[in-house]
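Quick note on labels: first sequence line is chain A, next is B, and so on, each numbered from 1.
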Amino acid sequence: MSRLSDAFAAAGAQGRTALVCYAMGGDGDTAALLEGIDAAGADVIELGVPFSDPIADGPVMQAAATRAIAAKTTLRDLLSMASRLRLRAPMVAMGYMNPIESMGSRAFARALREAGLCGAIVPDLPLEEAQPVRDDLAAEGLDLVPLVAPTTPKERAARIARTARGFVYYVSVTGVTGVRAALPDDLERRLAELRAVSSVPVAVGFGISRPEQAAALKGKADGVVVGSALVALHHEQGVAAVAALVRSLRSAL
Amino acid sequence: MKEMPPILSDATVSPPDARGRFGAYGGRFVPETLIPALDELERSWKEARADPRYREELTELLRTYAGRPTPLFRADRLAKALGLSGRVYLKREDLLHTGAHKLNNTLGQALLAKRMGKRRVIAETGAGQHGVATATVCALLGLECIVYMGTEDVRRQSPNVVRMKLLGAEVRSVDAGSRTLKDAMNEAIRDWVTNVRTTYYCIGSAAGPHPYPVMVRELQKIIGEEVAEQIAGAEGRLPDAVVACVGGGSNAIGALHRFVREPSVTLYGVEAAGHGLESGKHGASLAKGRPGVLHGSRSYVLQTEDGQIAEAHSISAGLDYPGVGPELSHLRDQGRLTVLSATDTEALQAFQTLARSEGILCALESAHAIAALPRVRGGLIVVNLSGRGDKDLGTVIEALK
């Protein structure tokens, strides 16, 4: 029913924890990057929609968004590029609310479906504000993936999980995106609590960059998200280096 | 007037609704990490607001430390210099301690931070007035203070950077985007997301996620309530018009809110027209923006066709912001707020006119409100003079060369 949920289930059936990889749209040759990530074995791909004021992002993502905007990337261009790709992994858009609101969430949902994407993750759209966007996406058969944070109380996490479609995104650290040396001690417990109340898969992201970190989370979540590390590597060394890291992350999971 | 009217009056409580909505505007568009902190803040604010001890403590500080009530001054020579036939009064928020209206809000929020047991306070600042006001109350109450400020603003408002440092605050310059208030606010939000458990975020504009817009308005509305009493004493009636400059909107909503329920009073907000409204280089979100989501709430936003936030421009750092608070956005849509603008050049001219006619060097922000006076209708006009101009002398000297 949901291609996103199915991708986690398929990885699970192979005894793997799913690997979710992020690519910033418009930062370099995005089509080549997405194809490279897909071929290297990502189970789900997040297509980042650049925004001028990304308040949940650390320096790596900010710089990538700035480059993408300087290259005159628009949401419509990105979706039109994505619609020409034939990827194995389902894709989900990840971007802030204003560009979505500017297009209109109904038009946004239609454009996502036409481009072959499966849903959206909107980091500045919490539970209380999410319903209109969730409904517009659902009307096109698409998923709004909500986020749960370390500060989210248990009861609220359960309420968020009940609205989730596709998967739930658990934010591993209290902070913005970016590579971390260590993850919080209570991460496993929080993931177990969230999985117990969620009927959709739980992916964990923020701060995860190395295969050892991914390996430590194998089986603790349904999926592991890697973002800033791939974005930095792509900018510094190109698609081949990204593909190599994706392969080693996948084998760690 | 010797005494202040009571603070946090219940008489003017109006929107927002329980979700922090002013009509279509407001709400909470922030990362999930912050939602529990905003819930905690909202609870603590409601408790404090209802607690007589909090009100007494705040009243005492506003009176004996900040210098409330501020005077209402009849500016006949200014009216004459501008060729106005009616009377003009200036609400002298520039005479408040630290030189602007900002202290009304930071006193209230810092007392709240202390009640909540948060010893680390962060703030964003544009002109530096909010940063100075935050640094001041943190010194007064013994709190740690970190202020985020865009590098462009650090450059053009350097006296305020020195003030903040002397007051014991750490000033962190933000070298991203337009290097102004918008970018400082992004960085302050990122700090809050990271340190939310220990940190109080003191927002200076009547903007940001709920409950900030209503909390800042409640703490600033004393301006308009004093005006109502003072003008009644001086003229025996309500003014025909109240005028304030609009950046994020804290001095405007503070001056105007008391009069929203008085249909005979026309409310004017004066935005920065920068190089001109058609130049694309301005800060006129209400006149030229579209509804959007910036810094945690839905409001009018200057943005590109595909939803990137545009860079604002104004000679005054406090108006150099591509957004505006949700309540002013709502008042604009209702037709209750009349939106005007003044260019950089007009503001500079007004700055000089006020200086020479009345002996007052006002902030360049407030000079925009003065500049718009010839376009304001009514025989009895009150202008909120939101701040003093010391911080702007460098900019003015440069511009007048």
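Put simply, the side chain of B:Asn186 does not reach to within 4.5 Å of the side chain of A:Gln62, judged on heavy atoms.
Residue A:Lys220 qualifies as enclosed at atom NZ: its count of foreign heavy atoms under 6.0 Å is above 12. Crowding of A:Asp186 atom CG: a count of heavy atoms from other residues, nucleotides or ligands under 6.0 Å exceeding 12. Shown here is B:Glu144, whose CD atom has more than 12 heavy atoms of other residues, nucleotides or ligands within 6.0 Å. Within 6.0 Å of atom CZ in B:Arg120, more than 12 heavy atoms from other residues, nucleotides or ligands are found, so the atom counts as buried in its surroundings.
The candidate from B:His295, B:Glu187, B:Arg298 with the greatest count of non-hydrogen atom pairs under 4.5 Å with chain A is B:Arg298. Chain B forms the most heavy-atom pairs under 4.5 Å with one residue out of A:Leu127, A:Leu125, A:Thr152, A:Ile100, and that residue is A:Thr152.
Annotation: the span from B:Phe29 atom CZ to A:Glu128 atom CD amounts to 10.5 Å, rounded to 0.5 Å. Considering OG of B:Ser297 and CG of A:Asp124, their distance stands at 11.0 Å, rounded to 0.5 Å. Between the OG atom in A:Ser52 and the CG atom in B:Leu294 there is a gap of 8.0 Å [rounded to 0.5 Å]. Between atom CG of residue A:Leu147 and atom OG1 of residue B:Thr33 there is a gap of 8.0 Å, rounded to the nearest 0.5 Å. A distance of 6.5 Å separates OG1 in A:Thr151 from CD in B:Glu32, rounded to the nearest 0.5 Å.
If you measure heavy-atom distances from A:Val122 to chain B, you find no contacts under 4.5 Å at all. For A:Thr66, no part lies under 4.5 angstrom from a heavy atom of chain B. Proximity to chain B is absent for every atom of A:Thr177, based on heavy atoms less than 4.5 angstrom apart. Heavy atoms of B:Pro31 lying under 4.5 Å from chain A belong to its backbone as well as its side chain. With a 4.5 Å cut-off on non-hydrogen atoms, A:Ile160 touches chain B through its side chain but not through its backbone. Only the backbone of A:Pro123 comes within less than 4.5 Å of a heavy atom in chain B; its side chain stays farther off. Of the atoms belonging to B:Arg290, it is side-chain heavy atoms, and not backbone ones, that fall under 4.5 Å from chain A. Both the backbone and the side chain of A:Pro54 come within contact range of chain B, each with at least one heavy atom under 4.5 Å from a heavy atom of that chain. Both the backbone and the side chain of B:Ile309 come within contact range of chain A, with heavy atoms under 4.5 Å apart. For a residue to count as touching a neighbouring chain, one of its non-hydrogen atoms must lie under 4.5 Å from one of that chain's; by this rule A:Ile69 touches chain B with the side chain only. The contact between B:Gln303 and chain A is made entirely by side chain atoms (from C-beta outward), counting heavy-atom distances below 4.5 Å.
For B:Arg19 and A:Glu129, the salt-bridge test passes: some basic side-chain N is under 4.0 Å from an acidic carboxylate O. Salt bridge annotation for B:Asp306-A:Arg76: absent, with no cationic side-chain nitrogen under 4.0 angstrom from a carboxylate oxygen.
Under the ring pair (Phe, Tyr, Trp, His ring centres under 6.0 Å) criterion, A:Tyr96 pairs with A:Phe51, sequence neighbours left out. The salt bridge (charged side-chain N to carboxylate O under 4.0 Å, His left out) search around A:Glu140 returns A:Arg113, not counting sequence neighbours.
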Before giving the answer on side chain to side chain contact (heavy atoms under 4.5 Å, CB included), spell out for A:Asn98 and B:Gln308 the whole-Å C-alpha distance, their side-chain angles and the decisive distance to 0.1 Å. CA-CA 7 Å; A:Asn98 198 60; B:Gln308 304 297 345; over 6 Å; no

Working note: A:Thr174 + B:Val193, criterion side chain to side chain contact (heavy atoms under 4.5 Å, CB included); need CA distance, chi angles, decisive distance, verdict. CA-CA 6 Å; A:Thr174 306; B:Val193 170; 5.7 Å; no

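Residue B:Arg190 comes nearest to A:Ile55 through the heavy atom pair CG-O, 3.2 Å, listed as atom of the first residue, atom of the second, then distance.
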